[in-house]
Amino acid sequence: MTSSKAVIGSLAIAGALSALSLPVLADAVSYNYAGLRYVDQDLDDYDCGQDGLNVYGSLDIQQGFFGQASLTDVSGEGGCGSMTISASGGYRIPFNKQFDLYGTIGFESTDVDVGNDDSGLVIAGGLRGFIAENLEAKVELAHRTAFDGDTGINGGVAYFFTPQISATFDLGVSSEATTWGLGARMNF
């Protein structure tokens, strides 16, 4: 992992941990939502930069269980590009008054434009909650088994304009890739 990726990952963890001592500022985190975001991805091993759209959603099932799904379609110059479909199930428990601790396990399949396709498991765990009024944040550690495996740290924020509509920013850093996304999410 490059030193800049390590610094960004450390800052994300430090920010999430410092937020744990904040008073309760908003209602509970929702696990019922759908979103759309623009994503930009740099793949180190393939010297590839690609961008595109990601459609995603989550559904609260009951008693702490939830499901998630995502479709990402990205393209770039020189044969870069892929379509990834993922689905996972998760469980959450209250960590404190502001945050939930959660874990997910799922499956993703990536169809690359040039080269070999691959599929595998994704296991993730993290914290998610409100760090300020109308500002939700998350930090998670995720491991993917596809394409020789990769472990990374992901973080994100959602600023709520209304109780249902938010603007989002996400950042993922691993030894293989750096990904950021900007979009909108609707809670239901």
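Just so you know, residue 1 is the first one in the sequence shown, and it goes up from there.
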Side-chain donor/acceptor pairs under 3.5 Å, residues 66-76, sequence neighbours excluded:
from, atom 1, to, atom 2, distance (Å)
Q68, OE1, S88, OG, 3.3
S70, OG, N54, ND2, 2.8
T72, OG1, N54, ND2, 2.6

Looking at side-chain heavy atoms only, is the closest gap between F160 and R185 below 4.5 Å?
-> yes
Are I131 and E136 close enough that some pair of their side-chain heavy atoms sits under 4.5 Å apart?
-> no
If we only count heavy atoms from C-beta on, is the W180 to V39 side-chain gap below 4.5 Å?
-> no
Do the side chains of Y33 and F161 join up, straight or via other hydrophobic residues, at under 4.5 Å, putting them in one cluster?
-> no
At their closest point, which heavy atom of L141 faces which heavy atom of G152, and how far apart are they?
-> CD1-O, 3.3 Å
Are I93 and F65 connected, step by step, through hydrophobic side chains (Ile, Leu, Val, Met, Phe, Trp, Tyr) whose heavy atoms are closer than 4.5 Å?
-> yes
Interatomic distance, SG@C80 vs CG@D47, rounded to 0.5 Å, equals 8.0 Å
Heavy-atom pair with the smallest gap, counting every atom of T168 and A158 = CG2-CB, 4.0 Å
Determine, step by step, whether R92 and D60 satisfy the side chain to side chain contact (heavy atoms under 4.5 Å, CB included) criterion, reporting the C-alpha distance in whole Å, the side-chain angles of both residues, the deciding distance to 0.1 Å, and the verdict.
-> CA-CA 10 Å; R92 62 179 162 74; D60 190 359; 2.8 Å; yes
4.5 Å side-chain heavy-atom contact, D44 and E176 = no
Any chance the side chains of E140 and Y102 put a donor and an acceptor closer than 3.5 Å?
-> yes
Quick check: does any side chain N or O of T145 sit under 3.5 Å from a backbone N or O of L121, one acting as donor and the other as acceptor?
-> yes
Take N32 and L59, measure what side chain to side chain contact (heavy atoms under 4.5 Å, CB included) needs, and give me the verdict at the end.
-> CA-CA 5 Å; N32 289 316; L59 182 63; 3.3 Å; yes
Please say whether the positively charged group of R128, taken as NZ for Lys or CZ for Arg, lies over the ring of Y31, i.e. under 6.0 angstrom from the six-membered ring centre and within 45 degrees of the axis.
-> yes
Sole candidate of D150, N154, T151, T179 that passes side-chain hydrogen bond (donor to acceptor under 3.5 Å, both in side chains) when paired with S174 = D150
All heavy atoms of D117 vs all of V112, minimum pair found to be OD1-N, 2.9 Å
Those residues at least two apart in sequence (or on a different chain) that pass side-chain hydrogen bond (donor to acceptor under 3.5 Å, both in side chains) with Y91 are none
d(L127 CG, D100 CG) to nearest 0.5 Å is 9.0 Å
Is there a side-chain contact between F107 and S86 (heavy atoms, below 4.5 Å)?
-> no
Roughly how far apart are L171 CG and L182 CG, rounded to 0.5 Å?
-> 12.0 Å
Do the side chain of D118 and the main chain of F147 share a donor and acceptor less than 3.5 angstrom apart?
-> yes
Atom of Q50, atom of S82 and distance for their closest heavy-atom approach | NE2-OG, 3.9 Å
Could you give me the CA-CA distance, side-chain angles and deciding distance for T110 and M83, then say whether side chain to side chain contact (heavy atoms under 4.5 Å, CB included) is met?
-> CA-CA 6 Å; T110 301; M83 181 181 289; over 6 Å; no
Tell me whether Y38 is reachable from Y159 by hopping between hydrophobic residues (I, L, V, M, F, W, Y) whose side-chain heavy atoms are closer than 4.5 Å.
-> yes
What's the verdict on side chain to side chain contact (heavy atoms under 4.5 Å, CB included) for F130 and V29, showing C-alpha distance, side-chain angles and the deciding distance?
-> CA-CA 7 Å; F130 282 89; V29 176; 4.1 Å; yes
Out of curiosity, does I85 fall in the hydrophobic cluster containing Y56 (side-chain heavy atoms, cut-off under 4.5 Å, transitive links)?
-> no
F99 and L135: same hydrophobic cluster, using ILVMFWY side-chain contacts below 4.5 Å?
-> yes
